[in-house]
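Comments concern the structure below.
So you know, we letter chains A, B, ... as the sequences are listed, proteins then strands, and number each from 1.
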Protein chains: 2
Amino acid sequence: MKQGLIDEVRAFNRFYTDIIGLLNRNFLDSPYSLAEIRVVYEIFHHKGIRASQIMEIMHIDKSYLSRILKKLEKDGLLLRERSEEDARAFLLSLTEKGNTEFQWLNKASNEQVTTLLAPLTEKKKETLVRHMQNIIRILTPENNRNENN
Amino acid sequence: MKQGLIDEVRAFNRFYTDIIGLLNRNFLDSPYSLAEIRVVYEIFHHKGIRASQIMEIMHIDKSYLSRILKKLEKDGLLLRERSEEDARAFLLSLTEKGNTEFQWLNKASNEQVTTLLAPLTEKKKETLVRHMQNIIRILTPENNRNENN
DNA sequence: AAAAATAGTTGACTATATCAACTATTATTA
DNA sequence: TAATAATAGTTGATATAGTCAACTATTTTT
């Protein structure tokens with residue numbers, strides 16, 4: 001593999017990490033951490049999900065997740081119901097308040113992105129998004145099976 | 001601004017953040033955190049840099065940086081010399097050992113990227129890098145002045 | 001029926017990061 | 001030029017993020 005390619009990927013990573021860091025630092029007026037927000041996001045998008053599934057998706061420790069869920073429940077955002085098929089597990093969903101909070105965070109995140117894109121022309125915005133979509137396509141594992149190098 | 005664009009950017013961000021998280025989790029056999037490695041990186045690339053400059057580049061608190069520098073110095077990676085122009089400041093550089101450690105981290109990081117790219121064909125690798133370069137170009141502020149939307 | 005695996009919780013701990021107060025020096029301004 | 005403000009960096013106290021090992025309660029495997 002050409003060293004140049006590796007350097008370019010690392011350069012992109014530094015660049016992108018900096019942007020994200022900047023956005024995240026300026027982001028939150030919410031009392032929730034990025035991990036907590038991500039958990040709320042997953043529950044919103046997968047109503048009835050189990051903690052063990054979130055654990056796998058997010059690659060976080062179950063003890064950490066347990067504490068996050070405890071906080072979300074204490075704050076009244078989260079509903080846990082015992083699963084009927086498996087009495088060890090909970091089925092997770094958002095309460096009314098949890099949904100409201102999610103909408104709020106969603107809106108804040110959109111505004112953040114809008115701010116990031118604001119200096120760009122419409123054409124550049126579209127080009128940017130096309131590049132992003134292509135990167136996702138290239139890096140998605142299913143797209144890279146059974147090919148020779 | 002079209003909502004679709006915003007959603008696509010957020011989708012990319014989730015995707016990329018997950019990849020980076022995965023790489024970072026699998027990364028380090030080194031006793032240094034990502035922040036510490038980034039500091040070493042900056043000093044390697046800007047010999048004689050001051051702490052206050054690193055602070056600005058990395059957007060981290062001076063007290064946190066101070067502790068990172070203390071650790072790097074204790075471990076024998078870092079050399080601090082009082083600036084002659086400004087007796088408050090230090091000029092930072094890496095010791096022999098610091099350079100060696102940097103080379104090691106650099107190699108480890110390259111291997112990480114190599115692993116990420118391994119499943120791709122050469123053509124895809126090159127396309128990927130081109131997309132990344134374009135994103136950097138589009139999002140670099142200097143490229144977006146004085147244009148109408 | 002016993003053993004192993006899974007779901008989740010808790011206590012103790014480490015790592016990461018911030019804030020406010022401090023010393024020492026340099027730059028500004030009255 | 002003396003007083004004031006600003007900058008460079010350090011430290012103590014504290015907050016936040018995250019891990020590890022041990023535990024209970026179930027379910028699955030043998």
Every protein N/O lying under 3.5 Å from an N/O of nucleotides 12-15 of chain C:
| residue | atom | partner | partner atom | Å |
| --- | --- | --- | --- | --- |
| dA12(C) | N6 | Arg67(A) | NH2 | 3.3 |

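Residue Leu94(A) holds its CG atom at 9.5 Å from OG1 of Thr100(A), rounded to the nearest 0.5 Å. In this structure, CD on Glu42(B) lies 8.0 Å from NE2 on His45(B), to the nearest 0.5 angstrom. Rounding to the nearest 0.5 Å gives a distance of 9.5 Å between CZ of Arg88(A) and OG of Ser83(A).
Using a 4.0 Å heavy-atom cutoff across all strands shown, Ser63(A) reaches at least one base atom of the nucleic acid. Among the atoms of the strands shown, only primed sugar atoms or phosphate atoms (P, OP1, OP2) are found under 4.0 Å from some heavy atom of Arg80(A).
Using a 4.0 Å cut-off between charged side-chain N and carboxylate O, Glu122(B) and Lys125(B) make a salt bridge. Using a 4.0 Å cut-off between charged side-chain N and carboxylate O, Glu111(B) and Lys107(B) make a salt bridge.
Across the protein-nucleic acid pair, Lys62(A) atom NZ and dT6(C) atom P stand 10 Å apart, rounded to whole Å. When rounded to the nearest whole Å, the span between CG of Asp86(B) and C1' of dA24(C) equals 10 Å. Taking atom CD1 of Ile54(A) as the reference point, atom C1' of dT6(C) lies 16 Å away to the nearest angstrom. Rounded to whole angstrom, the span from the OH atom of Tyr64(A) across to the P atom of dT16(C) amounts to 14 Å.
Using a distance-only test at 3.5 Å, with no hydrogens or angles considered, a donor-acceptor pair links the side chain of Thr95(A) to the main chain of Leu77(A).
No donor-acceptor contact under 3.5 angstrom links the side chains of Asn106(B) and Tyr41(B), judged on distance only. Under 3.5 Å, the side chains of Asn134(B) and Arg137(B) contain a donor-acceptor pair of N or O atoms.
The nearest heavy atom of DNA chain D to Arg82(B) and to Glu84(A) marks one nucleotide each, and the one closer to the 5' end goes with Arg82(B).
Under 4.0 angstrom from either OP1 or OP2 of dT10(C) there lies at least one side-chain N or O belonging to Lys70(A).
Leu91(A) and Phe102(A) fall into different hydrophobic clusters, where Ile, Leu, Val, Met, Phe, Trp and Tyr are joined by side-chain heavy atoms under 4.5 Å apart, directly or via other members.
Bounding nucleotides for the chain A contact on DNA chain D, 5' to 3', at a heavy-atom distance below 4.0 Å, are dA17(D) to dT27(D).
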